[in-house]
Amino acid sequence: MKGRMFVAFLLLGSSVAAQLNAGRNVIRRVQVRVALENGVCDASINVTLIGHGGPLAESAPNDRCEVEFFNVPEGDYHVKVSGGNFTNADSGSINMTAAGPAEFEIQVKSRNEPERNFGGPASAFVSASDLGVPGRARKELDKASELADKQQLAQAVQKLNKAISIYPTYALAYNNLGVIYARLGDSVREREALQKAISLNDHFALPYVNLGRMHMAAGDFPAAETVLDKAFTLDPTDPMTLTLLSYSQFMDRHFDEAITTSHKAHSVGKPHAFVHRVAARAFEQQRQGAAAIAELELFLKEEPPGPRADAARKELETVKAVLPVNQSRDQPPH
């Protein structure tokens, strides 16, 4: 099985089911959806929800490539996807709250792709400064990736630092170091490593994307919008960058920009249907009922089954009942 794997994290049921004795709210259901570009679900994939105390729950996907975790206490987690013909992947730190963002996405490489660059596809984010990397430094980076797959993060940091000591301008190693620090919950060093990667090569898009993810996790959407826009200028063909940018623009109440970016994301590859939800929400904020309906219908055309589709259908009914539908607006692309 070849191709990229997209992992979407969907926090369902924003109402709180219960409270723990320590006062922490519980998220009623967390759903993880795994989708491959060829549309075939790999039954050998394993999805693990990991908290500060270690693995919380683990499950294989159902026939729709979905995994559900129930009664998850609010807090910082990461989701690991392993198995199949894919390198083990980790979402990085996600702050899960009952009232938090509804959807998260990461990209994961297949095993037949080259060097391990955390956070994005290899082909779209090649750093020019890394083309002459010595073999010894590259081996240390690969060892760090293997250790990270095993959750041996401190050892992974050591290997990345060794790679950097061999090749001090190794922008990719600094990027990967930033992602590891994110998984360790060290946002200060995460930022430092990503900014160092950018300082070494400001035409390297991937650390901008990961810096944008860091700002999004912290709820700083203006900052996320700025760095993701920069990533887009460096690589205008990556749909994931555009998807993250559109969501940041929406959260920053730049609704026109969010709509435009969502449409761009749908024209440059195979983005997740989520971009239609972003555009629909932006149109709803502008009380553009007809355009919102068109986006939701496109979402349901691209992702007809599952809980996300059920939520979109309910949203569609609400829009039809509440918002005006006789206003003109350019229709979203098909």
Salt-bridge present ([X], [Y]; N to O < 4.0 Å):
| X | Y | answer |
| --- | --- | --- |
| K143 | E140 | yes |
| R281 | E295 | no |
| E315 | R277 | yes |

So, do [X] and [Y] sit near enough that their side-chain heavy atoms are less than 4.5 Å apart?
| X | Y | value |
| --- | --- | --- |
| Q152 | E146 | no |
| P222 | D220 | yes |
| F221 | F250 | no |

Judged by modelled atom types alone, do N210 and E190 share a side-chain donor-acceptor pair under 3.5 Å?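 No, because no side-chain N or O of N210 sits under 3.5 Å from a partner of the opposite role on E190.
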
Is I164 reachable from L153 through a run of hydrophobic residues whose side-chain heavy atoms are each under 4.5 Å from the next? yes

Find out if a path of hydrophobic residues (ILVMFWY) with successive side-chain heavy-atom gaps under 4.5 Å connects V188 to L177.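 Result: no, two separate clusters.
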
Whether H263 and F283 hold their rings parallel, tilted or perpendicular, with breakpoints at 30° and 60°: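 Taking F283 first and then H263, their aromatic rings sit tilted (interplane angle of 30° to 60°).
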
Would you say [X]'s side chain and [Y]'s backbone share a donor-acceptor pair under 3.5 angstrom?
| X | Y | value |
| --- | --- | --- |
| S267 | K264 | yes |
| T260 | E257 | no |
| D252 | H254 | no |
| R191 | M214 | no |

Of L228, D202, T233, which is the lone residue that meets side chain to side chain contact (heavy atoms under 4.5 Å, CB included) with Y208? D202

Taking CZ in R313 as the centre, count heavy atoms belonging to other residues, nucleotides or ligands within less than 6.0 Å. Is the count above 12?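 Counting neighbours around CZ of R313, more than 12 heavy atoms of other residues, nucleotides or ligands fall under 6.0 Å, so yes.
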
